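What follows is a set of notes on a single structure, which appears directly below.
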Amino acid sequence: MEDKYNPKFIEPKWQKFWEENPDLYAAKDDSKAEKRFILDMFPYPSGAGLHVGHVESYTATDIYSRYFRMRGKNVLHPQGFDAFGLPAENYAIKTGIHPQKTTEKSIKTFKKQLGSLGLSYDWSREVNSSDLDYYKWTQWFFLLLYKNGLAYKKKAKVNWCDSCKTVLANEQVEDGLCERCKNPVRQKDLEQWFLKITDFIEDKVTRGPSSSKITPGLLSGLEKIDWPESTKMLQKNWIGRSEGTIVKFLISNSPNSPNKIPNSKFPISNEISNSKIQSPKQYLEVFTTRLDTIYGCTYCVVAPEHGLIKKYEESIKNKAEVEKYLESVKGKSDLDRTSAKDKTGVELKGIKVINPFTNEELPVWVADYVLSQYGTGAVMAVPAHDTRDYDFSIKYSLPVKEVVISLEKAKNQKSKISAKGGSASGRKNQNDNLKLKTKESFTDDGILANSGEYSGLTSEEAREKMAEWLEENNLGNKKINYKLRDWLVSRQRYWGAPIPIIYCEKCGTVPVPEEDLPVKLPTDVDFLPTGESPLKYSKSFQNVKCPVCGAKATRESDTMDTFVCSSWYYFRYADPKNEKKFASKELIKKWLPVDLYVGGAEHSVLHLLYARFFTKVLHNLGYIDFDEPFLKLRHQGIILSEDGRKMSKSLGNVVNPDDEVKRWGADSLRIFEMFMGPLEDMKPWNTKGIVGVYRFLEKIWKLQNKIHLTSNSLNKIQNPKYQIPNKSQISNDQNGKLDILLNKTIKKVTEDIEAMRFNTAISSLMILANALEKEEGVYLIHYTLYLILLSPFAPHISEELWNKLGHKDLIFKEKWPEYDSALIKDEEVELVVQVNGKVRDRIKVAADISEEEAKAMAISSGKVENYTKDREIRKVIYVRGRLVNIVI
RNA sequence: GGUCCGAUGGCGGAAUUGGUAUACGCACGACACUUAAAAUGUCGCGUCCGUAAGGGCAUGUGGGUUCGACUCCCACUCGGACCACCA
């Protein structure tokens with residue numbers, strides 16, 4: 001009786017076996033073999049369990065891991081759980097069930113689901129960021145940063161979510177809304193802990209024992225790592241480095257204004273020089289990347305929060321109007337403020353500044369399109385060359401003055417000028433031209449005009465020269481600005497790692513001594529959010545003795561952003577049980593950095609930037625000798641639902657991997673998800689598609705009945721340890737074709753796995769299976785090698801069939817086959833014969849045919865002669881093994 | 001608005017990186033097996049003309065480079081992702 005492929009039976013059987021033999025997948029700390037650290041982003045154990053996106057990336061790393069194990073590498077392929085976080089706490093608020101309980105339960109479900117997929121994790125190294133033994137080290141990291149001046153507390157305007165009642169990092173605010181609950185975020189002043197990530201943007205001299213070394217910064221470090229270009233670009237943009245200049249605009253009518261401007265290039269106007277006041281000069285500092293446009297500056301704008309307004313309160317003549325405006329801005333949420341396309345502002349009447357280059361007196365406006373946090377919170381407005389300033393100038397009828405013209409325009413004018421033969425008329429012409437063009441701003445670099453001695457220079461040259469002049473005269477300096485802010489890590493939440501700080505009335509801020517770690521999360525808390533951390537109301541937690549003086553003191557009641565926990569977890573896998581250190585130096589050296597990291601692109605900035613920061617800190621302090629944690633990074637693409645939309649509970653179009661495993665088996669689900677398309681691509685689910693993969697596995701199952709022995713191949717059968725037949729063996733062998741195909745498949749599958757092109761690897765396995773199936777009988781050697789190639793993709797069926805062949809050992813203990821390069825070359829090839837690039841014939845020739853012979857054969861081909869008749873052959877192009885192109 | 005990416009049959013996608021476009025899978029159609037259906041197997045499956053042999057046209061649109069372009073260059077159209085008043 002023929003047995004049928006039955007994943008329901010064989011998959012649990014092998015999963016049980018693997019579970020009972022955890023050593024099979026364990027990474028060996030003491031092995032001398034070359035290591036491979038292959039890592040998945042550890043999941044947040046949500047109550048919803050695993051989704052198909054998890055399956056996609058976990059299968060990819062599993063295939064990769066299994067492949068490298070078979071290549072004799074010492075593979076570290078661990079998994080763990082990012083277990084702290086808001087959802088569990090929110091659930092606790094709703095139900096009163098402690099987050100620890102729900103988290104434990106979710107983790108159990110997750111592990112069961114992961115097990116049902118046949119993933120080859122080394123569970124002996126599991127980490128859980130909410131475990132005491134884990135967050136002890138998260139706190140240790142905080143102290144490390146604190147002790148090195150990289151963690152500090154300051155009062156700051158923070159993003160506050162009224163619904164979550166907590167602070168959010170800039171990165172967690174989307175469109176002015178809370179990333180999690182979509183509530184509008186508002187600004188609030190709070191004392192908060194920050195980590196100094198901005199210290200590591202640029203390269204940095206190390207502080208560790210070898211202080212002559214450099215820690216490459218977050219920017220330059222991107223250059224040497226194998227990450228998707230788009231991800232690197234996102235990080236670069238997020239860091240937002242821009243080179244510019246600080247320019248000091250003299251506040252001309254301040255109570256302390258000087259009577260003249262030193263070093264000005266222009267005679268000072270009477271109005272200003274007659275001013276009587278003679279005391280320290282007051283300046284408005286602006287930041288600009290377009291210093292070359294400064295002759296076109298027609299006013300300045302400060303942010304509503306800018307200090308100037310308060311300082312010169314008395315000089316402002318339209319105080320009521322300004323105050324009203326400031327009030328209206330304050331009422332706006334971040335969303336209103338950034339989504340408003342219409343720019344608003346009010347002139348600060350009575351305040352004037354002086355452009356250091358032109359000596360013109362300019363009005364100052366306040367407007368909320370200028371951001372207080374960026375640069376100096378003040379800008380010079382050049383309507384002719386900045387779209388925002390242009391919009392604003394149109395609305396409030398402010399002058400527009402063009403001072404940069406495009407290269408082509410400059411050329412045209414030059415020819416006009418020379419045609420007219422006089423520079424005087426030329427200049428006039430130029431001015432006319434400038435006045436005409438006020439429909440929109442020209443924001444590109446170009447050639448300067450109307451810019452005094454700088455006219456005629458390119459923008460780039462002008463920026464250089466102008467900055468020099470400013471520096472010489474103490475009126476400004478070059479400055480690099482970044483969008484990236486320091487990382488705010490305080491959260492007014494319970495379910496996170498407590499910040500290990502104690503506040504003593506006498507001693508002030510005191511770090512918890514290392515030997516007192518961990519600072520344990522108390523259990524006597526009420527989860528209902530109050531705007532303060534629930535820890536604040538736990539007596540057992542709050543009241544402590546000051547570790548320095550022993551006096552009564554209180555603990556910091558905020559917990560850390562969960563991204564702190566996930567910034568270092570990959571180190572812990574190297575040495576997960578260490579009680580003395582976050583990981584020992586030797587084991588870090590053995591396993592890290594991570595060779596392959598796979599996870600969602602949504603982490604392109606947050607987690608991946610923070611993790612790099614932590615690694616750079618450790619490098620800088622001499623703990624480790626590498627400075628990038630993840631050498632190679634790949635993202636799995638989002639799997640859409642069948643209708644092309646995103647899967648979501650509310651749309652009811654979520655595919656549950658459990659259902660698919662139940663129906664088709666884990667092997668089918670694994671292969672199907674890999675076969676859908678390139679790993680990184682976004683692709684829709686196709687319910688019917690998995691059937692094809694199931695049929696493919698069924699086909700392989702049935703092939704076992706075709707294994708047969710011919711007299712020709714008897715030697716192979718008698719020797720159960722297979723070997724690839726050599727060329728002389730196959731020359732008499734009817735199945736020589738299959739040997740060639742098998743070798744080609746070995747090559748293709750090997751190369752594709754290494755490049756993570758799993759979809760084409762599977763396709764080539766299907767082609768070989770189809771070819772084997774067409775044969776009346778299949779050689780054992782072919783089948784044996786086939787199963788080995790299949791095993792990383794479909795571990796259960798491969799192991800079962802291997803076992804049925806009578807092997808005592810497991811298939812994944814087998815060596816990955818090498819292909820025979822002599823056997824991947826066809827003896828005969830099909831040459832395409834083209835006439836003028838169009839295919840007209842195909843001829844079979846020996847693979848090693850000479851160029852002359854090939855050309856001659858092609859030309860004499862009957863079909864070709866129809867086209868070449870009566871025409872002269874001008875040229876013949878030969879591409880070895882591919883084609884002959886006859887040009888007539 | 002900016003930046004980046006992409007566009008190939010009815011669908012997911014392949015194409016040795018400038019050399020046979022549409023591999024592999026799904027869907028579909030015909031046939032075989034069956035009382036019937038399912039399953040399975042065989043064949044077909046870009047499009048147009050043609051009984052056929054064969055030929056024309058096709059990789060979003062238009063142009064260019066080349067003996068030869070899905071692949072390189074220019075312009076445009078559409079779609080997606082990210083950022084979004086960062087001076």
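Source: prediction; values computed, not measured. To find a chain, count down the sequence lines: A is the first, B the second, and so on, and within it residues start at 1.
- Rounded to an integer number of Å, the gap from CE of M766(A) to C1' of A23(B) is 12 Å.
- Taking 4.0 angstrom as the limit, N885(A) places none of its side-chain polar atoms (N or O) nearer than this to OP1 or OP2 of G19(B).
- Comparing the P positions of C73(B) and A52(B) gives a spacing of 42 Å, expressed to the nearest Å.
- Looking at heavy atoms from C-beta onward, S393(A) lies out of side-chain contact with T298(A) at the 4.5 angstrom threshold.
- The residue among D389(A) and R842(A) whose nearest nucleotide of RNA chain B lies closer to the 5′ end is R842(A).
- The partner of C31(B), taking Watson-Crick or G-U wobble pairs whose two distances both stay under 3.5 Å, is G41(B).
- C72(B) and G64(B) make up a base pair, with Watson-Crick or G-U wobble contacts both under 3.5 Å.
- Checking C67(B), U16(B), A23(B) against every side-chain atom of R882(A), the shortest atom distance belongs to U16(B).
- The interatomic distance linking R757(A) (CZ) with A15(B) (C1') rounds to 12 Å, in whole Å.
- Between G9(B) and C76(B), the distance separating the two P atoms is 24 Å to the nearest Å.
- Nucleotides U8(B) and U59(B) are separated by 12 Å at their P atoms, to the nearest Å.
- Regarding contacts with the backbone of C26(B), a side-chain N or O of R695(A) is found under 4.0 angstrom from either OP1 or OP2.
- A58(B) and C70(B) are spaced 11 Å apart, taking the C1' atom of each and rounding to whole Å.
- Anti is the conformation of U20(B), whose glycosidic angle sits further than 90° from 0.
- Under the 3.5 Å distance criterion, with hydrogens and angles disregarded, no donor-acceptor pair is assigned to the side chains of H306(A) and S372(A).
- Nucleotide G54(B) forms a Watson-Crick or G-U wobble pair with C49(B), both donor-acceptor distances falling under 3.5 Å.
- In a base pair of the Watson-Crick type (N1 to N3 plus N6-O4 or O6-N4) or a G-U wobble (N1-O2 and O6-N3), with each distance short of 3.5 Å, G6(B) is matched with C78(B).
- Residue side chain K875(A) does not reach the base of C67(B) through any donor-acceptor N/O pair under 3.5 Å, judged by distance alone.
- Neither OP1 nor OP2 of A21(B) sits under 4.0 Å from any side-chain N or O of K838(A).
- The side chain of Q834(A) sits closest to G19(B) out of G12(B), G19(B), C24(B).
- Between Y396(A) and W365(A), the distance from one ring center to the other falls under 6.0 angstrom.
- Looking only at distances, no side-chain donor or acceptor of H603(A) sits under 3.5 Å from a matching main-chain atom of L608(A).
- Rounded to an integer number of Å, the gap from CG of D752(A) to P of C24(B) is 16 Å.
- Residues D386(A) and S230(A) each lie close to RNA chain B; by heavy-atom proximity, the contact nearer the 5' end of the strand is made by S230(A).
- Heavy atoms of V379(A) sit under 4.0 angstrom from at least one base atom.
- Put simply, CD1 on I762(A) is 15 Å from C1' on C26(B), counting in whole angstrom units.
- Distances shown here put a side-chain N or O of S242(A) below 4.0 Å from the OP1 or OP2 atom of A87(B).
- As rounded to the nearest Å, C85(B) and C74(B) have P atoms that lie 30 Å from one another.
- Distance I394(A) CD1 to C85(B) C1': 17 Å, rounded to the nearest Å.
- Nucleic acid contact class of L883(A) (heavy atoms, under 4.0 Å, all strands): base.
- A gap of 16 Å separates the P atoms of U3(B) and A84(B), to the nearest Å.
- Checking the phosphate oxygens (OP1, OP2) of G25(B), a side-chain nitrogen or oxygen of N770(A) falls inside 4.0 Å.
- You'll find that the side chain of V887(A) is closest to C67(B), out of C67(B), C24(B), A21(B).
- Checked for salt-bridge contact, E229(A) and K232(A) meet the test: a charged N lies under 4.0 Å from a carboxylate O.
- Comparing C26(B), C85(B), G19(B) by their nearest atom to the side chain of K343(A) picks out C85(B).
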**OP:** Please assess Y369(A) against F392(A) for the test ring pair (Phe, Tyr, Trp, His ring centres under 6.0 Å), listing each intermediate value before the final yes or no.
**Re:** CA-CA 9 Å; Y369(A) 81 88; F392(A) 195 75; 5.1 Å; yes
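- Taking every side-chain heavy atom of R840(A) into account, G55(B) is the closest of G19(B), G55(B), A14(B).
- Distance F758(A) CZ to G12(B) C1': 18 Å, rounded to the nearest Å.
- Residue L234(A) is in sugar-phosphate contact alone, with no base atom involved, counting any heavy-atom pair closer than 4.0 Å across all strands shown.
- Separating the C1' atom of C31(B) from that of G80(B) is a span of 44 Å, rounded to the nearest Å.
- Between D444(A) and R290(A) there is no salt bridge, since no side-chain nitrogen of the basic residue lies less than 4.0 Å from a carboxylate oxygen of the acidic one.
- Closest to the N759(A) side chain, of the nucleotides A84(B), A27(B), G13(B), is G13(B).
- In this structure, K683(A) places its NZ atom 8 Å from P of G13(B), rounding to the nearest Å.
- A cation-pi contact, defined as under 6.0 Å to the ring centre and within 45° of the axis, is absent between R695(A) and W701(A).
- Between the NZ atom of K706(A) and the C1' atom of U40(B) there is a distance of 13 Å, rounded to whole Å.
- OP1 or OP2 of A87(B) sits under 4.0 Å from a side-chain N or O of Y374(A).
- Only the P atoms considered, C78(B) is 35 Å distant from A27(B), to the nearest whole Å.
- Listed nucleotides: G12(B), C85(B), A81(B). Nearest to the side chain of M682(A): A81(B).
- Contacts of E830(A) with the nucleic acid, taken as non-hydrogen atoms under 4.0 Å apart, include base atoms.
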